[in-house]
Amino acid sequence: MNIKINENFKNIKESYLFSDIAKKVKAYQEAHKDAKVIRLGIGDVTLPLPKIVSDAMVKAAHEMSVKETFRGYPPEYGYDFLKDAVSDYYKRNGIEVLSGDIFISDGAKSDLGNIVDILGDNDIYIPDPVYPVYVDSNLMSGRKIHLINGCKENNFLPMPDGLDCNGGVIYLCSPNNPTGALYNFEELTAWVNFALKTGSLIIYDSAYEAFINGDYPRSIYAIEGAKECAIEINSLSKVAGFTGTRCGWTVVPKSLMVGDVSLNKLWSRRQATKFNGVSYPVQRAAEAALSVEGMAECKKNIEYYMENAKMLSELFKEKNIYFTGGINSPYIWLKCPNNMSSWEFFDYLLEKANIVGTPGAGFGAAGEGYFRITSFGTHEATKEAVERLRKLL
Ligand code: MLT
């Protein structure tokens, strides 16, 4: 063909981390038909949707089959009933987020990738290791990326001290995927103050906030000044089991201004052009999940996963293996034993114990030598994995 392609795609890995893993596991399973492979790799949930959520979806689906209640195109920014439910969810956590600043999406990943559309050629600051979507989507747009090193010494919580930045876009994820490390109020305040001082924008991924137990910020808007420097992106995937249902939201406060241009207006314009909203039944399901009763059900599921996290953490303690996470996060981030590289340990676990995890190097160079295990499996699978790991490690 006689066209030009986006040359920036030459700068990203040929395949997305989780697609790579899926291919490897498929090949292994085909070659070892009897192997009972336990998948603790991608953070995909295993518990079904709470009944209150699926009931709301079914009811809405029926409404779609009746002339009087049928609905066509949804509003591209989300129905008011869901934006109000999101706003109320924040309110119950002591945070004010106005409904008009909320944009309903089909999940955090889309918006984390799409947000680059409204941003120009900025310097990009991304902690390493972290969810690969931030790096990949900025590479696709040809942005200059500065990685901020996370390591054992800073408890995988890099801070802005000493960062050479005259204004740029900073990505933060807390609790962090993959390490499970999370910023406390003081640390997050330091980031917000840094962003305000340097005129930077923070893109804050709060997809795992519902796993926070203690006194930690569950939203960047718990920090004073954040509405002048931060966009927050959240998802119902992990908290309400929506990985296959798809719904999330992005908060773009109207107070986010670049000169006289409002980022809220730019994002509205972008969504109106490129997005046609989330289906009505899914938005009703999301509304039910965010209700007080729905969230109580979701919390039971979170507790179930956190019991898995406990089983895994106890094993790693018993084996004297360094790890983070597993307390305010569904992920356990461990040091690969015997100085194995992340991918060596991946192969070793798959071959010797038929367990799939995620190599730390897939989350950035600083993740080399580490490994992520998810607690989103069933109790039965996690117990079996713990037994296999106890024998192997
Ligand atoms: C993960 O395993 O890191 C997540 O499930 C991936 C995602 O949320 O897209």
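Atoms within a ligand are numbered from 1 in the order they appear, just like the ligands themselves.
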*Residue from Lys383, Lys352, Lys36 passing side chain to side chain contact (heavy atoms under 4.5 Å, CB included) with Arg388*: Lys36
*asked:* Suppose I only count heavy atoms of Phe18 and a 4.0 Å limit; which atoms of ligand 1 are within that range?
replied: 1 (C), 2 (O), 3 (O), 6 (C)
*Taking atom 4 (C) of ligand 1 as the reference point, the nearest protein heavy atom with its distance*: Lys238 NZ, 3.3 Å
*Could an N or O of ligand 1 be found under 3.5 Å from any N or O of Ile42, whether backbone or side chain?*
no
*Atoms of ligand 1 less than 4.0 Å from Arg372 heavy atoms?*
1 (C), 2 (O), 3 (O)
*For the pair Asn338 (side chain) and Met340 (backbone), establish whether a donor and an acceptor sit closer than 3.5 Å, ignoring hydrogens and angles.*
no
*Assess Arg71 against Tyr79: is NZ or CZ under 6.0 Å from the centre of the six-membered ring, and within 45 degrees of the ring's axis?*
yes
*asked:* Check whether Phe275 forms a cation-pi arrangement with Arg270 (NZ or CZ under 6.0 Å from the six-membered ring centre, at most 45° off the ring normal).
replied: no
*asked:* Whether Lys335 engages the ring of Tyr370 as a cation-pi pair (distance to the six-membered ring centre under 6.0 angstrom, angle to the ring normal within 45°) should be assessed.
replied: yes
*Which atoms of ligand 1 sit under 4.0 Å from any heavy atom of Asn177?*
1 (C), 3 (O)
*Heavy-atom distances under 4.0 Å are what count here, so tell me which part of Phe376 touches ligand 1: side chain, backbone, both or neither.*
neither
*Per-atom contacts, ligand 1 versus Gly43 - under 4.0 Å to a heavy atom*: 1 (C), 2 (O), 5 (O)
*Starting from atom 9 (O) of ligand 1, locate the nearest protein heavy atom and write down its residue, its atom name and how far away it is, to 0.1 Å.*
Tyr131 OH, 2.5 Å
*Assess Lys152 against Tyr322: is NZ or CZ under 6.0 Å from the centre of the six-membered ring, and within 45 degrees of the ring's axis?*
yes
